[in-house]
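Take a look at the structure set out below.
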Amino acid sequence: FLRAHKNLGFVLVQQDDFDDASEHLAKALSLGEGDGVTYVALGYCHLMLERHVSAENAYRAALLRSPDSSDARNGLVNCLLETERHKEALSFLEEILERNPDDVFSRRARANALIALDRPEQAAATLETLRRLDALDPRGLLLLGDVYHNLGIQHLSLDVYREALQG
């Protein structure tokens, strides 16, 4: 019944029933399923249930099976940030961005990690890069405005706040 557990788990994920989905996905894995997608789905369930250690383990297992999986990488980054392991997240994000400099998710996550590590100048540079690539949504613009404001650069924060309000 491996496929039945796996497919039921995927359906339950789509229905936001993460607790039941995690049980079926774990059962499929215990029966011999070993693809990265199943581990990513299990990691997502655990992340949504705030089981961060379990989510991290699932995402790491997914990366071993599917090293190029952006879902697994992004999930692991989210786990690291949720558990306030910002230095580890930043190190992992640097690896990702070295291989894929256009990864918008990783750049945004990098900015958040830098802010948490009290490195606002670097966070501003990262967010400004995204802004110039037209990859910042209004929330990202507000964050950039806040960083500029906290750095005492009011004229830049004013411009960014206005841009956020127009978007």
Side-chain angles (χ1 to χ4, degrees), residues 1-120 122-124 126-127 129-130 133 135-144 146-147:
F1 296 106
L2 183 152
R3 269 197 347 234
H5 282 290
K6 177 181 174 180
N7 290 334
L8 180 56
F10 285 137
V11 169
L12 291 168
V13 168
Q14 291 174 343
Q15 295 178 345
D16 294 338
D17 186 353
F18 302 115
D19 203 30
D20 286 340
S22 67
E23 289 180 28
H24 288 283
L25 293 167
K27 183 67 174 176
L29 291 165
S30 74
L31 292 171
E33 181 58 63
D35 68 342
V37 175
T38 304
Y39 278 101
V40 167
L42 181 60
Y44 181 71
C45 290
H46 287 309
L47 187 61
M48 293 298 100
L49 294 167
E50 297 184 6
R51 300 176 189 156
H52 298 110
V53 173
S54 296
E56 180 182 343
N57 289 334
Y59 285 128
R60 288 188 189 279
L63 284 170
L64 288 174
R65 287 154 180 82
S66 303
D68 296 327
S69 170
S70 61
D71 290 332
R73 284 193 314 260
N74 294 351
L76 180 55
V77 166
N78 285 331
C79 286
L80 295 172
L81 293 175
E82 284 290 322
T83 55
E84 298 183 10
R85 291 163 43 210
H86 300 104
K87 283 186 179 182
E88 191 175 343
L90 187 60
S91 178
F92 185 50
L93 287 162
E94 298 295 338
E95 280 182 35
I96 294 169
L97 289 167
E98 188 175 298
R99 285 184 273 151
N100 186 4
D102 298 328
D103 186 335
V104 172
F105 171 85
S106 294
R107 286 201 181 274
R108 287 182 188 180
R110 181 179 187 272
N112 288 325
L114 289 166
I115 289 168
L117 292 169
D118 197 28
R119 293 162 58 183
Q122 290 176 299
T126 299
L127 290 166
T129 299
L130 287 169
L133 293 171
L136 267 188
D137 59 10
R139 260 184 30 181
L141 289 168
L142 289 173
L143 180 61
L144 177 58
D146 291 346
V147 171

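Counting from 1, the numbers follow the sequence of the chain as shown.
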### Query
Hey, which of Lys27, Glu33, His24 is the one that makes side-chain hydrogen bond (donor to acceptor under 3.5 Å, both in side chains) with His5?
His24

### Query
Under a 4.5 Å cut-off applied to non-hydrogen side-chain atoms, are Leu25 and Phe10 in contact?
yes

### Close side-chain approach of Leu63 and Arg73, heavy atoms under 4.5 Å
yes

### Query
Can you tell me how far CG of Asn112 sits from CG of Leu143, rounded to the nearest 0.5 angstrom?
6.0 Å

### Task
Quick one: pull up CZ in Arg65 and OG1 in Thr38 and give me the separation to the nearest 0.5 Å.
10.0 Å

### Summary
Here the pair of heavy atoms bringing Val147 nearest to Ala124 is CG1-CB, 3.8 Å

### Query
Taking the side chain from Ser66 and the backbone from Ser69, do they hold a donor-acceptor pair closer than 3.5 Å?
no

### Electrostatic pair Glu56-Arg60, nearest N-O below 4.0 angstrom
yes

### Task
Scan Asp137, Val77, Leu127 and name whichever one has a side chain to side chain contact (heavy atoms under 4.5 Å, CB included) with Arg108.
Asp137

### Message
Return the CG to CD distance between Asp20 and Gln15, rounded to the nearest 0.5 Å.
### Response
10.0 Å

### Summary
Rounded to the nearest 0.5 angstrom, the CZ-CD1 distance for Arg107 and Ile96 is 12.0 Å

## Note on the structure
CD of Glu82 to SG of Cys79, rounded to nearest 0.5 Å, is 8.0 Å

### Message
Could you work out, with ring-ring contact (aromatic ring centres under 6.0 Å, His included) as the rule, every residue matching Tyr44, not counting sequence neighbours?
### Response
Phe18

## Note on the structure
One should read off an interatomic distance between Phe105 CZ and Leu93 CG, to the nearest 0.5 angstrom, of 7.5 Å

### Task
Decide yes or no for Lys6 and Asp35: does some side-chain heavy atom of the first lie under 4.5 Å from some side-chain heavy atom of the second?
yes

#### Entry: Smallest separation among heavy atoms of Ala26 and Leu42, with atom names
N-CD1, 4.3 Å

### Query
Is there a side-chain contact between Asn100 and Ser106 (heavy atoms, below 4.5 Å)?
no

### Task
Could you check Leu90 against Arg119 for side-chain contact (heavy atoms from CB on, under 4.5 Å), going step by step and ending with a plain yes or no?
CA-CA 12 Å; Leu90 187 60; Arg119 293 162 58 183; 3.4 Å; yes

### Task
Could you tell me whether the side chain of Asp146 reaches within less than 4.5 Å of the side chain of Ile115, counting heavy atoms only?
no

### Query
Ignoring hydrogens and geometry, is there a side-chain-to-backbone donor-acceptor pair from Ser22 to Asp19 under 3.5 Å?
yes

### Query
Which residue pairs satisfy the ring pair (Phe, Tyr, Trp, His ring centres under 6.0 Å) criterion with at least one member in residues 51-103, sequence neighbours excluded?
none

#### Entry: Shortest non-hydrogen contact from Gly36 toward Ala62
O-CB, 3.6 Å

